[in-house]
Amino acid sequence: MAFSSCPVRLWLLPNAVLLLGLATWGTLRYPHLPGRIPQHIGVDGVDAWTDRSIGSAFVLVFVYAGATLLMAGCAELTLRVTPRDEMPSASTAPFAAAQATSSLLNRPNSRASARRIACALLLFNTCIGVSLAAGCGILWRSAPDPNVPAWLFAAMTLPLLAGSAVTVAAAVSSRKR
């Protein structure tokens with residue numbers, strides 16, 4: 001499905017489902033967590049621990065909720081900005097040439113381009129959530145084990161790289177059109 005073929009706000013649905021799923025999973029796991037849970041995961045595994053609390057157990061869920069609000073706001077603002085092809089020309093509005101040169105740098109070329117970029121931002125946010133879900137799997141283990149599976153780095157990094165690539169591709173394609 002092309003980015004611009006469905007309403008942009010529909011792309012918030014996977015983010016909301018993922019956020020709700022993480023919150024539910026964490027709520028179900030919280031009573032079974034040990035008294036000390038991982039605070040930081042380094043190269044050799046868990047290298048810092050903290051006492052179990054709502055804040056420490058749900059930090060990744062809170063980060064994802066904040067990222068979702070930020071990305072949804074950025075997507076909405078991308079849709080609201082006047083695209084380049086709708087800006088007044090120098091012949092129709094006084095001072096339009098000066099305004100155009102100073103404000104066209106980061107504008108999408110068209111409404112369709114703005115939709116593609118907004119959808120890419122929301123898809124990137126979904127990738128952030130998938131990455132954080134892998135971290136939640138380690139954070140919410142039943143036993144305080146300092147060993148971390150080898151796949152964790154890839155599971156947390158690959159979704160971020162994929163989401164970044166799609167977002168950059170959407171922005172670059174906007175510049176070329």
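Only heavy atoms go into these numbers, but all of them, side chains included; no hydrogens, no water, no symmetry mates. Quick caveat, the model's predicted, so the values are computed rather than measured.
Hydrophobic clustering, with ILVMFWY side chains joined whenever heavy atoms are under 4.5 angstrom apart, keeps W49 apart from V59. Cluster membership check: V130 does not share its hydrophobic cluster with I138, using side-chain heavy-atom separations under 4.5 Å among Ile, Leu, Val, Met, Phe, Trp and Tyr. No continuous path of hydrophobic side-chain contacts links L132 to I41 [ILVMFWY only; heavy atoms under 4.5 Å]. Side-chain heavy atoms closer than 4.5 Å link hydrophobic residues (I, L, V, M, F, W, Y) into clusters, and following such links, possibly through other members, connects V63 to F58.
Under the rule for a side chain to side chain contact (heavy atoms under 4.5 Å, CB included), the partners of P34 that lie at least two apart in sequence or sit in another chain are I37, P144. Considering only residues two or more places apart in sequence or on other chains, R29 meets the salt bridge (Lys or Arg N to Asp or Glu O under 4.0 Å) condition with none of them. Partners of D44 by salt bridge (Lys or Arg N to Asp or Glu O under 4.0 Å), not counting sequence neighbours: none found. For T68, the side-chain hydrogen bond (donor to acceptor under 3.5 Å, both in side chains) partners two or more places apart in sequence, or in a different chain, are N125. For the side chain to side chain contact (heavy atoms under 4.5 Å, CB included) test, residues two or more places apart in sequence or in another chain that qualify with A48 are Q39, H40.
Annotation: salt bridge (Lys or Arg N to Asp or Glu O under 4.0 Å) contacts involving residues 47-76, sequence neighbours excluded, comprise R9-E76, R36-D51, E76-R80. For residues 54-66, the side-chain hydrogen bond (donor to acceptor under 3.5 Å, both in side chains) pairs, not counting sequence neighbours, are N15-Y64, S53-S56.
Rounding to the nearest 0.5 Å places SG of C74 at 11.0 Å from CG of L69. Taking OG1 of T78 as the reference point, atom CE of M71 lies at 10.5 Å (rounded to 0.5 Å). If you take OH on Y30 and CD1 on I54, they are separated by 4.0 Å, rounding to the nearest 0.5 Å. Once rounded to the nearest 0.5 Å, the distance linking OG1 of T126 with CG of L12 reads 8.5 Å. Taken to the nearest 0.5 Å, the OG1 atom of T167 stands 6.5 Å off from the CG atom of L123.
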Only distances under 3.5 Å count here; give the side-chain donor-acceptor pairs of residues 16-28 to other protein atoms, sequence neighbours excluded, each with its distance to 0.1 Å.
| from | atom 1 | to | atom 2 | distance (Å) |
| --- | --- | --- | --- | --- |
| T24 | OG1 | L20 | O | 2.8 |
| T27 | OG1 | A23 | O | 2.7 |

Return all side-chain donor-acceptor pairs below 3.5 angstrom for residues 152-160, not counting sequence neighbours, or 'none' if the list is empty.
| from | atom 1 | to | atom 2 | distance (Å) |
| --- | --- | --- | --- | --- |
| T157 | OG1 | F153 | O | 2.7 |

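Taking 4.5 Å as the limit, some side-chain heavy atom of V148 sits within range of a side-chain heavy atom of V46.
Nearest heavy atoms, A170 versus A120: CB-CB, 3.7 Å.
Between the W140 side chain and the A57 main chain, a donor and an acceptor come within less than 3.5 Å of each other. Here the side chain of R111 pairs a donor or acceptor atom with the backbone of L79 at under 3.5 angstrom.
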